[in-house]
Amino acid sequence: MRKMESYTYKKWNKMWRLWKLHKLHSPLEELVTYDNYMAHGHVYFFNALKNEINIKRYMFVLKEFLSKEVYENLETAYKIYVENLSLIKSGQLDDVELENMFMEVDEKYYEDTYELTKIIMQELAYGSHINICNFIERNKVIKKVRSSK
């Protein structure tokens with residue numbers, strides 16, 4: 001089982017390297033971006049995407065993967081963001097005021113953060129095109145998994 005863990009770990013690391021280079025394909029791109037930017041909260045996520053078209057595109061993809069509760073929380077955060085966009089962009093709010101504005105939706109996200117990690121792992125395992133070049137190790141792992149069934 002150690003080889004399987006090693007293979008998964010290598011795929012996970014490769015996924016993050018590709019993300020940093022902006023070379024991940026959808027939906028991993030959107031899932032990993034959301035996961036990474038949410039370390040700083042919803043306002044950071046929306047600001048990092050820069051414009052409404054990008055935000056809508058990401059939300060469209062995320063809707064397909066997130067649970068109803070987590071996606072509704074994202075929609076709520078987006079409504080708060082849009083309603084206060086002029087204040088946010090103007091810089092009239094300090095960090096504490098921004099944090100208070102998004103506190104409830106950010107805390108809800110952090111309660112369910114494990115769900116997003118699980119979704120990313122599933123997509124990485126079954127839906128992604130990320131391959132590790134060590135085919136000998138990969139084939140050994142596949143044989144071991146098949147024989148254990």
In Å, rounded to the nearest 0.5 Å, how long is the span from [atom1] of [X] to [atom2] of [Y]?
| X | Y | atom1 | atom2 | value |
| --- | --- | --- | --- | --- |
| Ile55 | Leu62 | CD1 | CG | 11.5 Å |
| Tyr81 | Leu49 | OH | CG | 8.5 Å |
| Met38 | Thr113 | CE | OG1 | 8.0 Å |
| Ile80 | Phe46 | CD1 | CZ | 9.0 Å |
| Glu72 | Leu74 | CD | CG | 11.0 Å |
| Ile119 | Glu64 | CD1 | CD | 11.5 Å |

Residue pair [X] / [Y]: nearest heavy atoms and the distance that separates them:
| X | Y | answer |
| --- | --- | --- |
| Leu66 | Tyr34 | CD1-CE2, 4.1 Å |
| Asn51 | Asn54 | OD1-N, 2.7 Å |
| Val61 | Pro27 | CG1-CB, 3.7 Å |
| Met59 | Tyr71 | O-CE1, 3.3 Å |
| Asn73 | Tyr109 | ND2-N, 3.6 Å |

Original post:
What class does the angle between the rings of Tyr44 and His40 fall in, given that below 30° is parallel, 30 to 60° is tilted and above 60° is perpendicular?
Top reply: tilted
**OP:** Report the relative orientation of the aromatic rings in Tyr37 and Trp19; use parallel for angles under 30°, tilted for 30 to 60°, perpendicular for over 60°.
**Re:** perpendicular
Original post:
side-chain contact (heavy atoms from CB on, under 4.5 Å) between Lys118 and Glu115: does it pass, once the steps are laid out?
Top reply: CA-CA 5 Å; Lys118 191 169 99 176; Glu115 177 187 333; 5.7 Å; no
So do [Y] and [X] actually touch side chain to side chain, heavy atoms under 4.5 Å?
| X | Y | value |
| --- | --- | --- |
| Glu123 | Phe65 | yes |
| Trp12 | Ile120 | yes |
| Met101 | Val43 | no |
| Glu52 | Val82 | no |

**OP:** Could you give me the CA-CA distance, side-chain angles and deciding distance for Leu116 and Val70, then say whether side-chain contact (heavy atoms from CB on, under 4.5 Å) is met?
**Re:** CA-CA 9 Å; Leu116 184 56; Val70 175; over 6 Å; no
**OP:** Applying side-chain contact (heavy atoms from CB on, under 4.5 Å), run through Asn36 and Phe45 and close with a yes or a no.
**Re:** CA-CA 9 Å; Asn36 187 57; Phe45 172 68; over 6 Å; no
Original post:
Hey, is the main chain of Leu124 close enough, under 3.5 Å, to the side chain of Lys11 for a donor-acceptor pair?
Top reply: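 Yes.
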In terms of heavy-atom contacts, does [atom1] of [X] have more than 12 from other residues, nucleotides or ligands at under 6.0 Å?
| X | atom1 | value |
| --- | --- | --- |
| Glu97 | CD | yes |
| Glu111 | CD | yes |
| Glu104 | CD | no |
| Ile53 | CD1 | no |

**OP:** Apply the test side-chain contact (heavy atoms from CB on, under 4.5 Å) to residues Asn47 and Lys89: give CA-CA distance (whole Å), side-chain angles for both, the deciding distance (0.1 Å), then the verdict.
**Re:** CA-CA 9 Å; Asn47 282 338; Lys89 296 288 183 182; 3.6 Å; yes
**OP:** Could you check Glu29 against Lys23 for salt bridge (Lys or Arg N to Asp or Glu O under 4.0 Å), going step by step and ending with a plain yes or no?
**Re:** CA-CA 8 Å; Glu29 167 67 28; Lys23 292 187 176 183; over 6 Å; no
Original post:
Do Glu30 and Ser26 have side-chain atoms, one donor and one acceptor, less than 3.5 Å apart?
Top reply: yes
**OP:** Tell me whether Val105 is reachable from Met103 by hopping between hydrophobic residues (I, L, V, M, F, W, Y) whose side-chain heavy atoms are closer than 4.5 Å.
**Re:** no
Original post:
Hey, any chance Leu98 and Tyr110 share a hydrophobic cluster, counting ILVMFWY side chains that come within less than 4.5 Å of each other, even indirectly?
Top reply: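 As far as the 4.5 Å side-chain criterion goes, Tyr110 and Leu98 are connected within one cluster.
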Original post:
Is it true that Lys108 and Glu69 make a salt bridge, defined as a side-chain N closer than 4.0 Å to a carboxylate O?
Top reply: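 No salt bridge links Lys108 with Glu69.
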